[in-house]
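Since the structure is predicted, the reported quantities are computational estimates derived from the model, not experimental observations. Each chain gets a letter, A, B and so on, in the order its sequence line appears, and its residues count up from 1.
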There are 2 protein chains.
Amino acid sequence: MGNPNRDHEYLAKLQDYFASYRSLPSYAVIGELLGMASKSAVSALVKRLTLAGFVEMSPDKRLAPTKRFFEREIADFNVPAGLPAAANDAMSDSLSVDEFLIPRPSTSLLVRIKGDSMMDAGIFDGDIAVIEKRHAANLGDFVLAIVDNEYTLKELGRDKQGYVLLPHNRDYQPIRAEQSLEIFGVMTGLIRKYR
Amino acid sequence: MGNPNRDHEYLAKLQDYFASYRSLPSYAVIGELLGMASKSAVSALVKRLTLAGFVEMSPDKRLAPTKRFFEREIADFNVPAGLPAAANDAMSDSLSVDEFLIPRPSTSLLVRIKGDSMMDAGIFDGDIAVIEKRHAANLGDFVLAIVDNEYTLKELGRDKQGYVLLPHNRDYQPIRAEQSLEIFGVMTGLIRKYR
DNA sequence: TTGACAAGCGAACGGACGTTCACTACGCTA
DNA sequence: TAGCGTAGTGAACGTCCGTTCGCTTGTCAA
């Protein structure tokens, strides 16, 4: 009975379901969804998908998608040729956008960039910075700092006189805190949207 | 008992859990996670979070996060002052990163940028471009084009002689197709990761 | 200081859940 | 064409799930 390996098709349906509802349904409902009449067929399917690395059991033994379930392929930029369809072969890597940018939701926040003081670092007005809240940073990190009671995003640097906030734009001068310099968080990602 | 409204804190823990495991745990496990000894307390919490719009019941009555569960606030960059905690008031907007960048998963793909030909547009080597597959584009769009059998990301322009692909880097020349120029897709977003 | 309210506790309950197992149907390959 | 492997069926079963309800604890306003 049945064709060889419809699992890919089944997976696609589960991905669609998850995209709609952000949870995987019970085995009975998966059955309905995929046109299976028995839960044991679903159970077998789940075993196969688990082996293939698309789903797994969460700590409390609930069925959950793996990271791989969400991954989107990253195509290589200058694959020399090939049809768009053949481009699949050239796929090199993959990632889930949310996972990639925001591993710990509760400690990260998004900040909309104002101004062009970081322009030379490819950070433009209107871009969104992903900031991970923490008070320690390394030299060279881009940090969201509170300096003299004002928020600013700059590279953290140091010279003989102490810490300095370095803009990436020749028209701006390095910033030295007059009173206080606090690291609010470290920039871990950048998001830009073209309409 | 307890402080007024720890729900925000509870929500944060659930968000972290979901980020780790991509599913919500059973009421008993939520209880452990949040330090509650009874499932009825969890049940009450779930009702509150449902009212607040952060979770909902999926079609087969499973607890599932809503889109709002994933939304991240966008803080305004130069909020003039205020404590980090008070920054909440200055939150202006919010978005879910995946939703924001990739509204139609099936027609978009991610492309890793190679080279510096778009540097002046803030698109650097190693960045990831979100490309929406379509064959029509407007002048001024950044497009992923197949020109003479090679992929390239450039601005789409036109002059007296026809269509031109414009780099954003003074060291590069505009590209004119010798044989064929095909639009593979339009760039709708940019993702960059700092480690 | 009293009452109301919100939040949590703990136990009991019925039902839905995923597992298991024996059986069947189909498509390879020998 | 016999045999094997893969996919699915259907029913039985025990477990864990979320609900419910009466009770307790702490906070706040009157």
* Considering residues, nucleotides and ligands other than B/Lys61, do more than 12 of their heavy atoms fall under 6.0 Å from its NZ? ->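 Not more than 12 within 6.0 Å, no.
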
* To do: If a protein heavy atom is under 4.0 Å from the base, mark B; if only from the sugar-phosphate, S; if neither, -; do that for nucleotides 17-22 of chain D going 5' to 3'.
  => SBBBB-

Could you state the atom-to-atom distance from [atom1] of [X] to [atom2] of [N] in whole Å?
X       : N      : atom1 : atom2 : value
A/Glu32 : D/dG8  : CD    : C1'   : 16 Å
A/Met36 : C/dA25 : CE    : P     : 18 Å
B/Asp7  : C/dA7  : CG    : C1'   : 9 Å
A/Leu24 : C/dG18 : CG    : P     : 11 Å
A/Leu34 : D/dG8  : CG    : P     : 9 Å
B/Arg48 : C/dA6  : CZ    : C1'   : 8 Å
A/Tyr10 : D/dA7  : OH    : C1'   : 8 Å
A/Arg6  : D/dT6  : CZ    : C1'   : 14 Å

* To do: For A/Asn169 and A/Asp171, indicate whether the former's side chain and the latter's backbone hold a donor-acceptor pair under 3.5 Å.
  =>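 Confirmed, A/Asn169 side chain pairs with A/Asp171 backbone.
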
* Test item: B/Ser58 side-chain N/O and A/Tyr21 main-chain N/O as donor-acceptor pair under 3.5 Å ->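 Side chain of B/Ser58 to backbone of A/Tyr21, a donor-acceptor pair under 3.5 Å: no, none is there.
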
* To do: Measure up the B/His168 and B/Phe142 rings against each other and bin them: parallel (under 30°), tilted (30 to 60°), perpendicular (over 60°).
  =>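 If you compare the ring of B/His168 with that of B/Phe142, the planes turn out perpendicular.
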
* Could you walk me through whether A/Lys193 and B/Thr188 pass the side chain to side chain donor-acceptor pair (under 3.5 Å) check? -> CA-CA 6 Å; A/Lys193 174 98 176 153; B/Thr188 59; 5.2 Å; no

* Asked: Can we say B/Asp159 and B/Arg176 salt-bridge, meaning some charged N sits less than 4.0 Å from an Asp/Glu carboxylate O?
  ->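 Looking at B/Arg176 together with B/Asp159, the answer is yes, because their closest N to O distance falls below 4.0 Å.
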
* Base, sugar-phosphate alone, or nothing: which one does A/Ala44 contact when heavy atoms must sit under 4.0 Å apart? ->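 No contact.
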
